[in-house]
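Accompanying notes for the structure given below.
Residue numbering restarts at 1 for every chain, and letters A, B, ... go by the order of the sequence lines.
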Amino acid sequence: MLQLQVIRQNPGFVKERLAIKNFKDIQLVDEIIGLDDQRKKLQNESDTIQSKINAASKEIGQLMAKGQKEEAEKKKQEVAELKSSLQPAADELNGTEKKLQDLLILLPNLPSDKVPPGKTPADNVVVREGGIKPQLPGDAVPHWELIKKYDIVDFETGAKITGSGFPLYKGKGAKLQRALVQHFLDFNTKAGYTEYLPPLMVNETSARGTGQLPDKEGQMYFMPADNYYMIPTSEVPLTNIYRDEIVKETDLPIKMTGFSPCFRREAGSFGADVRGLNRVHQFDKVEIVQIVQPDKSYTAHEEMVSHVEQLLQTLGLPYRILALCGGDMSFASALTYDFEVFSAAQQKWLEVSSVSNFETFQTNRMKIRFKDGKGKMQLAHSLNGSSLALPRIVACILENNQSTDGIKLPPVLHSYFGDVMIS
RNA sequence: GGUGAGGUGGAUGAGUGGCUGAAAUCAACGGUUUGCUAAACCGUCGUACGUCCUUAAAGAUGUACCGAGGGUUCGAAUCCCUCCCUCACCGCCA
């Protein structure tokens, strides 16, 4: 959520930035300022009345103590009158505050000035590429065929147990998941991230905190009996660890990593994109999250990008890093870099990570703050990134490393996997 | 699921209707002392939203907040109701 203070101080700037994000309801900015003006006025009114009531109540107490009953009764009448005039003012104030909040939560985060202009994924900018695209033999096949050949993921049975998009990993396929997760977590903890294993369901407050609600309501699985949401990413529980906390400045940066399955309804997506492991409803992911001082968030962001890049390099996969344009960024993000790996048999770039700086957008909702050197309360900045999402990594490893002998695994996985290839 | 006890400021913890935004202790911060460290002593030490003042900072002042939401009362941390959470015991169970 944007800070009201920022909107008030520079509404023109806010509108300009929102436009870069393709945000349509720019007039909300003026509506919000209008409502806030009204809110202030109403608060002033009701505070004044309340103040009189409080003063009169105090006097009643004193009069009673002195035994001046009639005087006290008179005062009570006064208070009764004040109260009847307070009621409508208080109601109006509450209504206005609620309306203000309702509008405020509709505004997406402002893109930072580093965000490239543009409206669609075609406008994203390739920052750099790495790794080498393999030259595959003519009979190379996409991963969904390799999966069948080596019997390592069973989509049909997954669909039988649950529904489509719930893969059943089997044998070496299951073990490869475990090996990857272990490698990713080790890599992250070595870089100073504290490991967590979070709850897989969150309450509504948590989902609002990171910005999944109200924006992505339909993308999460919901458990109505208990009002819980299945997490679409461990970013949600991890960042919410610090919700409503005032942290010590010396504790920053806070660096967290966590593994979790992720659940996404992916409502509305269909077509060639969903073949094999390209898009599924449940997948495993290791996430990194940082909470940092505002003036350090962009350095931290670069550091996280470089961290994920190095992790990707340990797998030897061809990759590229994209700076997302204003129109393609997520609701809550101020700057996002996407990582894609090149899946050679499909001849396709697949997104495997997204590293974002949210500045104060999430921390304002969650009230994650710290006291700076001058003793002033400040919102921290939050960032997160995948490191990494598994299915597409697996797809890419399978396709790019296929040979007549089997799938050659990257050396870094050998000890975790207990073998050098899948055959 | 049942029964019982609880949820107070960074922490511990006092507070059963007005003098309590909240004792005390610890932690933290500033200072004095000291050859250094420690100790001792003095001081500061909640958040949010308004208003006034100010270039700003600071300051003054109002309101709200003692798990959440309602209620009783002139007045609620304190009494009542509902919900949430924590702990203990029982039941069930990986």
Task: A:Asp372 CG - B:rA28 P separation (whole Å) - done: 20 Å

- [ ] Would you mind pulling out the nucleotide paired to B:rU61, Watson-Crick or G-U wobble, both distances under 3.5 Å?
- [x] B:rG50

- [ ] Could you work out the separation of B:rA28 and B:rU34 based on their C1' atoms and round it to a whole Å?
- [x] 22 Å

TODO: Could you state the atom-to-atom distance from CD of A:Glu204 to P of B:rA68 in whole Å?
DONE: 18 Å

Short N/O separations, protein against nucleotides 60-66 of chain B, under 3.5 angstrom:
{"unit_1": "B:rG62", "atom_1": "O3'", "unit_2": "A:Ser51", "atom_2": "OG", "d": "3.3"}
{"unit_1": "B:rG62", "atom_1": "N2", "unit_2": "A:Gln43", "atom_2": "NE2", "d": "3.2"}
{"unit_1": "B:rG62", "atom_1": "N2", "unit_2": "A:Asp47", "atom_2": "OD2", "d": "3.1"}
{"unit_1": "B:rU63", "atom_1": "OP1", "unit_2": "A:Asn54", "atom_2": "ND2", "d": "3.1"}
{"unit_1": "B:rU63", "atom_1": "O2'", "unit_2": "A:Asp47", "atom_2": "OD1", "d": "3.2"}

Open item on the list: Tell me if a side-chain donor or acceptor on A:Asn384 pairs with a main-chain N or O of A:Ile288 at a distance below 3.5 Å.
Closed with: no

Task: Nucleotide B:rG1, atom C1' - distance to CG of A:Asp226 in whole Å - done: 14 Å

Task: Distance, rounded to the nearest Å, where A:Leu379 contributes CG and B:rU47 contributes P - done: 14 Å

- [ ] Measure from the side-chain N and O atoms of A:Lys21 to the backbone N and O of A:Phe331, and report whether any donor-acceptor pair falls under 3.5 Å.
- [x] yes

TODO: Kindly say whether A:Asn364 contributes a backbone atom to a donor-acceptor pair with the side chain of A:Lys367 at under 3.5 angstrom?
DONE: yes

- [ ] Quote, to the nearest angstrom, the P distance that separates B:rA77 from B:rG7.
- [x] 15 Å

Task: Whole-Å P distance, B:rC19 and B:rU25 - done: 22 Å

TODO: Nearest-nucleotide wise, let me know which of A:Asn44 and A:Lys376 is further upstream toward the 5' end of RNA chain B.
DONE: A:Asn44

Task: Considering all heavy atoms, the nearest A:Glu302-A:Tyr337 contact - done: OE2-OH, 3.4 Å

Check nucleotides 74-77 of chain B for protein N or O atoms closer than 3.5 Å to its own N or O atoms and list the pairs.
{"unit_1": "B:rC74", "atom_1": "O2'", "unit_2": "A:Ser57", "atom_2": "OG", "d": "3.0"}
{"unit_1": "B:rG75", "atom_1": "OP1", "unit_2": "A:Lys83", "atom_2": "NZ", "d": "2.5"}

Task: Side-chain N,O (A:Arg369) to OP1/OP2 (B:rU47) below 4.0 Å - done: no

- [ ] Sticking with atom C1', work out how far B:rC84 lies from B:rA22, rounded to a whole angstrom.
- [x] 25 Å

TODO: Check each of A:Gln68, A:Glu59, A:Gln62 against A:Lys75 using the side-chain hydrogen bond (donor to acceptor under 3.5 Å, both in side chains) test, and report the only one that passes.
DONE: A:Glu59

TODO: Determine the Euclidean distance between corresponding P atoms of B:rC79 and B:rG18; express it in Å to zero decimal places.
DONE: 12 Å

Open item on the list: Which nucleotide, if any, forms a Watson-Crick or G-U wobble pair with B:rC89, using both distances under 3.5 Å?
Closed with: B:rG2

Open item on the list: Can you measure A:Arg243 atom CZ to B:rC85 atom P for me and round it to whole angstrom units?
Closed with: 13 Å

- [ ] To the nearest Å, give me how far apart CD (A:Glu92) and P (B:rG50) are.
- [x] 17 Å

Open item on the list: Whole angstroms only, please: what is the CG-C1' distance between A:Asn94 and B:rG69?
Closed with: 13 Å

Open item on the list: When the P atoms of B:rA58 and B:rG67 are compared, how many Å lie between them, rounded to an integer?
Closed with: 30 Å

Open item on the list: Could you tell me how far B:rA23 sits from B:rC45 if I compare only their P atoms? Round to whole Å.
Closed with: 11 Å

Open item on the list: Check whether A:Arg265 reaches the backbone of A:Tyr221 with its side chain - one donor and one acceptor, N or O, closer than 3.5 Å.
Closed with: no

Task: Identified pairing partner of B:rC19, criterion: Watson-Crick or G-U wobble below 3.5 Å - done: none

Open item on the list: Salt bridge check, A:Lys255 against A:Glu303: does any charged N sit closer than 4.0 Å to a carboxylate O?
Closed with: yes

Task: Pair A:Lys98 + A:Asp102, salt bridge at N-O below 4.0 Å - done: yes

Open item on the list: Rounded to whole Å, how long is the line connecting atom CG of A:Asn364 with atom C1' of B:rU47?
Closed with: 15 Å

Give me, pair by pair, the N or O atoms of the protein and of nucleotides 78-83 of chain B that are less than 3.5 Å apart, along with how far apart they are.
none

Open item on the list: Counting only side-chain nitrogens and oxygens, does A:Arg39 get under 4.0 Å of the OP1 or OP2 atom of B:rC49?
Closed with: no

Task: Straight-line distance of A:Gln27 CD to A:Lys15 NZ, nearest 0.5 Å - done: 9.5 Å

Task: Nucleotide forming a Watson-Crick or wobble pair with B:rG10, both distances under 3.5 Å - done: B:rC26

Open item on the list: Counting the atoms with a prime plus P, OP1 and OP2 as sugar-phosphate, which does A:Lys371 contact under 4.0 Å by heavy atoms, base, sugar-phosphate, or nothing?
Closed with: sugar-phosphate

TODO: Scan every strand shown for a Watson-Crick or G-U wobble partner of B:rC41, both distances under 3.5 Å, and answer none if you come up empty.
DONE: B:rG31

Task: Where A:Ser386 and A:Lys285 come nearest, the two heavy atoms and their spacing - done: CB-CD, 3.8 Å

Open item on the list: If I take atom CE from residue A:Met366 and atom CG from residue A:Asp244, how far apart are they, to the nearest 0.5 angstrom?
Closed with: 9.5 Å

TODO: Just call it for A:Lys75: base, sugar-phosphate, or nothing, with non-hydrogen atoms closer than 4.0 Å on any strand.
DONE: nothing

Open item on the list: Under a 3.5 Å distance rule, please check whether A:Ser51 uses its side chain to pair with a backbone N or O of A:Asp47 as donor and acceptor.
Closed with: no

- [ ] For nucleotides B:rC90 and B:rU82, find the distance between their C1' atoms and express it as a whole number of Å.
- [x] 26 Å

- [ ] Measure the shortest side-chain to side-chain distance between A:Tyr193 and A:Met304 over non-hydrogen atoms and say whether it is less than 4.5 angstrom.
- [x] yes

Task: A:Glu399 side chain vs A:His143 backbone, donor-acceptor pair below 3.5 Å - done: yes

